[in-house]
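As the structure is a prediction and not an experimental result, all values here were calculated from the model. Values reported hereafter were calculated over all heavy atoms of this structure, with side chains retained and with hydrogens, waters and symmetry mates removed. Protein chains get the first letters and strands the later ones, always in sequence-line order, with residue 1 at the start of each.
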Amino acid sequence: MNPFSFVRAGSPKAAIDAVSKDDNARFIAGGTNLLDLMKNGVMQPEKLVDINNLPLKDIQLSKDKLHIGALALNSTVAADSQVKAQFPLLSQALLAGASQQLRNMATVGGNMMQRTRCSYFYDTAMPCNKRQPGSGCGAIGGINRMHAIFGASDKCIAVHPSDMCVALVALDAVVLVTGPKGDRKIPFADFHRLPGDTPEKDNTLGKGELITAVEVPNNPYTKNIYYLKVRDRASYAFALVSVAAALELEGNVIKSARLAMGGVAHKPWRLTAAEKSLIGKTATEENFRAAANVAMENAKAYEHNSFKLQMAPNSIVTALLKAASV
Amino acid sequence: MSQDHSEKQPTHKPLHETRRGFLKQSSAMMALALTPPIVLKAAEKDEAIAALFEKVPVSMEINGKKHQLSVEPRTTLLDLLREQLALTGTKKGCDHGQCGACTVHVNGMRVNSCLTLAVMQEGKKITTIEGLANGEELHPMQQAFIKHDGFQCGYCTPGQIMSAVACIREGHANSPEEIREFMSGNICRCGAYDNIVSAVMEVKQGGQQV
């Protein structure tokens, strides 16, 4: 690892100042992704601002929403009794990610900030527009088995690796940030971005902006939910495809639905059109298959990931069947 | 940080002056030793560059013993334990959080010591494999690993045992399936998984204090 200077921030303002004033300064919370990237030379900050002492760890359930501090640990949120009872999809998604050791270190804010696991991004000997803008994309025309089937560009076909974010986008979460220009709220679906011509930007945060919390509005999805993760081994691997599914049922009729996918795009991929197509339908495999077909419109595969064109709709159907307990 | 040092050393010149003088005198040496971008910046702001190499004070408790340390910021907890404190029971496997050989407990929670910085452990209580036994008496999990032959080469074993103890304490060892899921962050290339699960099950079912 290259040398860097290290400061512990005593307040959000001090943390924001320290990062805003320095071109190559970064916040560090759990560090599970940042330190990995620094060891590989993919990221080389000259200053780390440790934000772990900031009072951003609280998990509070109020009348209309769940408030999760940005520094709450992934393991703490997953095991929280209120989260398990009222937001079980979030708990399931968190437990599908990483290992217990990593969940004990990784924070909610850090999970959102993790970079892609594209092997060309990690390999500094290879071209990568995300790591080094303008250098080209090694994955297009390379080994692209893990890569995107939605929303990619001719600059980048990487996917966002998070499970937690797939549940949060499905549940209409809101991201609270503070920064040099004050506080603002970002709808979760607008937090991460598609690569376009600037794949070096993973999200819509400005320089020096700090995530302080995530809020999830109360919802009826406490029972008929399922987080399906398809991967190369039974546990502790990134998703080939994952699906967050939630149904609000009246008898066997779908009153409302939430669907999102992971492992398929540069951001957690919400399936709004498929959700709408399910409203008023009965919870049958046939209707789930029709919704999956809607979800797959505009999907595009590359040389090694065309299997995802079948795996993704099949995973949507399976997740909906599990959620509906059909 | 430099101010803290200055206050502790009132008889010396303020540290930044000493540092700046040193850097100016040794700029030719620095140019040879450092990569070009850093040299360019060094010419601009000596202070910032010197800070990169400055050790940061940090205190923590390791296996019940208090340590007041001074470490370079880029030192991981794993490297601090192994290289500076000679606690080599904790193993470096992948050094990227993928294998679990470096698992230790920080404030009672299992973590990958390769993916956290030593300077982030201020005030924390660390337990390594060396701190698990009660004197000459092995911890029940250590005994169970021996009884069930829960290893072959043994390199992953300290991490497996630290993880297994935490797995029971967390309440995640209620079935072989649950143990496999919650021990998935510890890779055993010899493939002793079945015996590791048996060892964890026995300790859990034995109801001993872990």
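- Residues A:F6 and B:P73 come closest through the heavy atom pair CB-CB, 3.7 Å.
- Considering every non-hydrogen atom in both B:G185 and A:S99, the closest pair reads CA-CB, 3.4 Å.
- Proximity of B:M109 to A:S75: side-chain heavy atoms (C-beta onward) are separated by under 4.5 Å at one or more points.
- Looking only at side-chain heavy atoms (C-beta outward), A:I28 and B:L117 come within less than 4.5 Å of each other.
- For A:K223, the NZ atom counts as loosely surrounded, since its 6.0 Å shell holds 12 or fewer non-hydrogen atoms of other residues, nucleotides or ligands.
- Panel note: side chain A:K39, backbone B:H96; no donor-acceptor pair is recorded below 3.5 Å.
- Heavy atoms from other residues, nucleotides or ligands lying under 6.0 Å from NZ of A:K57 number more than 12.
- Side chain of A:R8 to main chain of B:M120: no donor-acceptor pair is present (N/O by atom type, distance under 3.5 Å, no hydrogens or angles).
- We find the CE-OH distance between B:M183 and A:Y236 to be 12.5 Å, quoted to the nearest 0.5 Å.
- Of the two parts of A:A106, neither the backbone nor the side chain holds a non-hydrogen atom closer than 4.5 Å to a non-hydrogen atom of chain B.
- Interatomic distance, CZ of B:R180 versus OG of A:S235, reported as 11.5 Å (0.5 Å rounding).
- Scanning both residues, B:R74 and A:M1, for their nearest heavy atoms gives NH1-O, 2.5 Å.
- Using a 4.5 Å heavy-atom threshold, the side chains of B:F182 and A:L95 count as touching.
- Panel note: side chain A:N104, backbone B:R110; a donor-acceptor pair is recorded below 3.5 Å.
- Using a 4.5 Å heavy-atom threshold, the side chains of A:D36 and B:L115 count as touching.
- Note on A:L48, A:L102, A:L34: by heavy-atom pairs under 4.5 Å with chain B, the leading option is A:L102.
- In terms of heavy-atom proximity, A:Q101 sits nearest to B:S163 at NE2-OG, 3.3 Å.
- Residue B:T116 touches chain A through both its backbone and its side chain, counting heavy-atom pairs closer than 4.5 Å.
- For B:C114, the parts sitting under 4.5 Å from any heavy atom of chain A are the backbone and the side chain alike.
- More than 12 heavy atoms of other residues, nucleotides or ligands shown are found within 6.0 angstrom of CZ on A:R231.
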